[in-house]
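One structure is given here, and the rest of the page talks about it.
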Amino acid sequence: MPELPEVEVTRQSFMARISHAQIVSVRMGKPLRWPLGCAPEQLLQQTIYQVRRRGKYLILDLDDGVLLIHLGMSGHLVFAEQLPAPAAHDHFDLHTTHGVLRLHDPRRFGAVVWSASQDSGAALKLLGGLGAEPLDPDFDVQAFAAALKRRQASIKQVLLAGDVVVGVGNIYASEALFRAGIDPRKPACKVSKPKAQKLAGTIQQVLSEAIRQGGTTLRDFRNSHGEYGWFQLQAQVYGRAGEPCLQCGRPINMLRQGQRSTYFCRNCQK
DNA sequence: ATATCGACCTGCTAGC
DNA sequence: TGCTAGCAGGTCGATA
């Protein structure tokens with residue numbers, strides 16, 4: 001489910017409500033991708049100051065350290081004053097003075113991890129290798145183009161790797177490459193500078209548009225109020241194999257790159 | 001260093 | 001109707 005837009009939409013949906021809440025109790029269900037990294041009791045009484053985002057991670061600032069939350073493939077957060085008793089796939093509850101933050105994650109590829117700071121320990125390990133934030137006003141298009149020049153892997157796989165630019169997952173990679181007219185199979189280093197600059201723009205455009213649409217709901221995604229996203233209706237290639245290209249009318253192609261599906265138009269993307 | 005591939009886990013759908 | 005294979009929004013760690 002969650003690429004940058006879904007994580008950002010989630011963040012915006014509960015940040016103000018949870019801000020300055022104090023943690024009252026913690027409930028953990030089945031194991032998630034990584035252990036919490038501290039005794040749950042250590043979180044009690046701590047205040048949550050703000051909720052930030054880095055790539056696809058949410059970062060909750062506490063009195064003592066940070067709590068990282070990753071939604072994996074199938075996770076979403078719910079935040080409400082009260083919630084029903086945990087059901088199947090509700091694997092983490094953070095009870096606070098403002099309400100309950102609950103992670104629902106059927107596949108359990110998600111995680112909640114405590115770290116002493118954002119720049120040390122578990123957080124350093126998880127966030128340290130991440131690339132640039134595409135929606136940061138300081139995003140450096142020249143540096144982005146230069147970084148692509150150093151990579152021989154296909155442009156699609158370099159986007160997904162997240163060490164050049166963060167937040168672009170399988171849906172938005174296909175969409176951004178289509179809008180930039182770049183063949184997803186092209187080695188990143190062979191993408192011309194103008195095309196790389198164009199791609200930087202289409203990545204920003206696609207992600208921003210998706211945030212405005214509340215993200216993409218293929219099956220699981222909801223924001224913390226339980227509302228769906230609608231960007232899937234604007235997708236021009238993702239999930240449209242065999243359907244006519246909206247630019248040239250020829251059928252959209254699908255292929256596998258690194259065990260992930262890529263959707264593109266052979267005619268419009270060179 | 002970089003690229004590829006398997007692994008993690010559950011649910012749903014298409015096809016027989 | 002029921003079973004099975006294959007696929008799904010991510011990313012880490014082992015291997016070449």
Side-chain angles (χ1 to χ4, degrees), chain A residues 1-11 29-35 37 53-58 68-77 87-92 103-113 122-131 147-177 184-190 203 206-207 210-211 213-223 228-235 237-242 254-263:
Chain A
M1 136 218 171
E3 303 181 35
L4 185 151
E6 291 72 37
V7 177
E8 178 61 20
V9 163
T10 298
R11 187 184 77 85
K30 286 193 190 180
L32 293 163
R33 172 146 197 190
W34 297 299
R53 180 188 56 74
R54 177 75 176 101
K56 298 170 189 167
Y57 289 88
L58 289 174
L68 302 185
I69 301 178
H70 197 286
L71 302 178
M73 282 282 253
S74 58
H76 71 252
L77 291 174
H89 311 311
D90 292 334
H91 298 303
F92 190 90
L103 175 61
H104 177 90
D105 184 9
R107 293 177 73 181
R108 292 192 281 127
F109 290 169
V112 181
V113 176
L124 178 61
K125 190 175 165 198
L126 294 173
L127 307 178
L130 296 184
L148 295 187
K149 283 290 171 212
R150 291 179 228 120
R151 304 290 286 270
Q152 290 187 264
S154 71
I155 181 64
K156 160 85 177 328
Q157 291 182 275
V158 170
L159 292 182
L160 285 190
D163 52 349
V164 171
V165 63
V166 292
V168 183
N170 209 37
I171 298 176
Y172 302 114
S174 282
E175 293 299 317
L177 287 166
R185 299 166 296 183
K186 180 176 278 230
C189 54
K190 299 269 185 64
I203 288 170
V206 160
L207 297 180
I211 292 170
Q213 299 289 322
T216 294
T217 298
L218 251 36
R219 40 193 146 259
D220 313 286
F221 179 68
R222 288 114 207 265
N223 66 24
Y228 303 115
W230 300 100
F231 181 81
Q232 62 276 14
L233 303 177
Q234 326 279 317
V237 287
Y238 187 86
R240 297 193 61 242
M254 202 253 272
L255 59 84
R256 295 231 127 219
Q257 292 182 288
Q259 302 140 278
R260 314 296 302 276
S261 306
T262 300
Y263 297 86

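Residue numbering restarts at 1 for every chain, and letters A, B, ... go by the order of the sequence lines. Just so it is clear, the values below take in all heavy atoms, side chains as well, and ignore hydrogens, waters and symmetry mates.
Here K56(A) reaches the OP1 or OP2 of dT11(C): one of its side-chain N or O atoms lies under 4.0 Å away. Look at S261(A) and you'll find a side-chain N or O under 4.0 angstrom from OP1 or OP2 of dA8(C). Under 4.0 angstrom from either OP1 or OP2 of dC9(B) there lies no side-chain N or O belonging to H89(A). Here R107(A) does not reach the OP1 or OP2 of dA8(C): none of its side-chain N or O atoms lies under 4.0 Å away. A close approach under 4.0 Å does not occur between any side-chain nitrogen or oxygen of K125(A) and OP1 or OP2 of dC12(C).
Separating the CG atom of L71(A) from the C1' atom of dC9(B) is a distance of 16 Å, rounded to the nearest angstrom. The distance between atom NE2 of H104(A) and atom C1' of dC9(B), rounded to the nearest whole Å, is 13 Å. Taking atom CG on N170(A) and atom C1' on dC7(C), their separation rounds to 12 Å, with Å as the unit. At whole-Å resolution of the value, CZ in R260(A) and C1' in dC7(C) are 11 Å apart. Distance, L159(A) CG to dG10(C) C1': 15 Å, rounded to whole Å. Here dG11(B) presents its C1' atom at 12 Å from CE of M73(A), a figure rounded to the nearest Å. Rounded to whole angstrom, the span from the CD1 atom of I69(A) across to the P atom of dG10(C) amounts to 18 Å. In this structure, L130(A) atom CG and dG10(C) atom P are separated by 14 Å, rounded to whole Å.
The closest side-chain heavy-atom distance from F231(A) to P5(A) is not below 4.5 Å.
With L4(A) as the partner, the side-chain contact (heavy atoms from CB on, under 4.5 Å) test is satisfied by one option alone out of V9(A), I211(A), V168(A), V165(A): I211(A).
Annotated stems with DNA chain C as a participant read B:2-8 with C:10-16, B:10-16 with C:2-8, given as range with range, by first number; only runs of 3 or more Watson-Crick or G-U pairs under 3.5 Å qualify.
Proximity of a side-chain donor or acceptor of E3(A) to a complementary backbone N or O of I171(A) within less than 3.5 Å is detected. The main-chain N or O of A235(A) is never found under 3.5 Å from a side-chain atom of E175(A) such that the two would form a donor-acceptor pair. At distances below 3.5 Å, not a single donor-acceptor pair connects side-chain atoms of Q257(A) with backbone N or O atoms of K156(A).
No contact: F231(A) has no heavy atom under 4.0 Å from any strand.
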Between the protein and nucleotides 3-7 of chain B, list every N/O to N/O distance that falls short of 3.5 Å.
{"from": "dA3(B)", "atom 1": "OP1", "to": "Q152(A)", "atom 2": "N", "distance (Å)": "2.8"}
{"from": "dA3(B)", "atom 1": "OP1", "to": "A153(A)", "atom 2": "N", "distance (Å)": "3.0"}
{"from": "dA3(B)", "atom 1": "OP2", "to": "R151(A)", "atom 2": "NE", "distance (Å)": "2.9"}
{"from": "dA3(B)", "atom 1": "OP2", "to": "R151(A)", "atom 2": "NH2", "distance (Å)": "3.4"}
{"from": "dG6(B)", "atom 1": "N7", "to": "Q259(A)", "atom 2": "NE2", "distance (Å)": "3.2"}

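For H70(A), the side-chain atoms get nearest to dT11(C) when compared with the rest of dA8(C), dC12(C), dT11(C).
Classified by interplanar angle (parallel below 30°, tilted 30° to 60°, perpendicular above 60°), the ring pair H70(A)/Y57(A) is perpendicular.
Taking a cutoff of 4.0 Å between a charged side-chain nitrogen and a carboxylate oxygen, R107(A) and D220(A) do not qualify as a salt bridge.
The neighbour count for K149(A) NZ, taken as heavy atoms of other residues, nucleotides or ligands under 6.0 Å away, is above 12.
Ring stacking is absent between F109(A) and dT11(C), as the pair misses the limits of under 5.5 Å between centres and under 30 degrees between planes.
The base of dC9(B) does not come close enough to the side chain of R108(A) for any donor and acceptor atom to sit less than 3.5 Å apart.
Using modelled atom types, one finds a donor on one side chain and an acceptor on the other under 3.5 Å when comparing S261(A) with R256(A).
Among residues two or more places apart in sequence or in another chain, the salt bridge (Lys or Arg N to Asp or Glu O under 4.0 Å) test is passed with R185(A) by D183(A).
Nucleotides dC3(C) and dC9(B) are separated by 24 Å at their P atoms, to the nearest Å.
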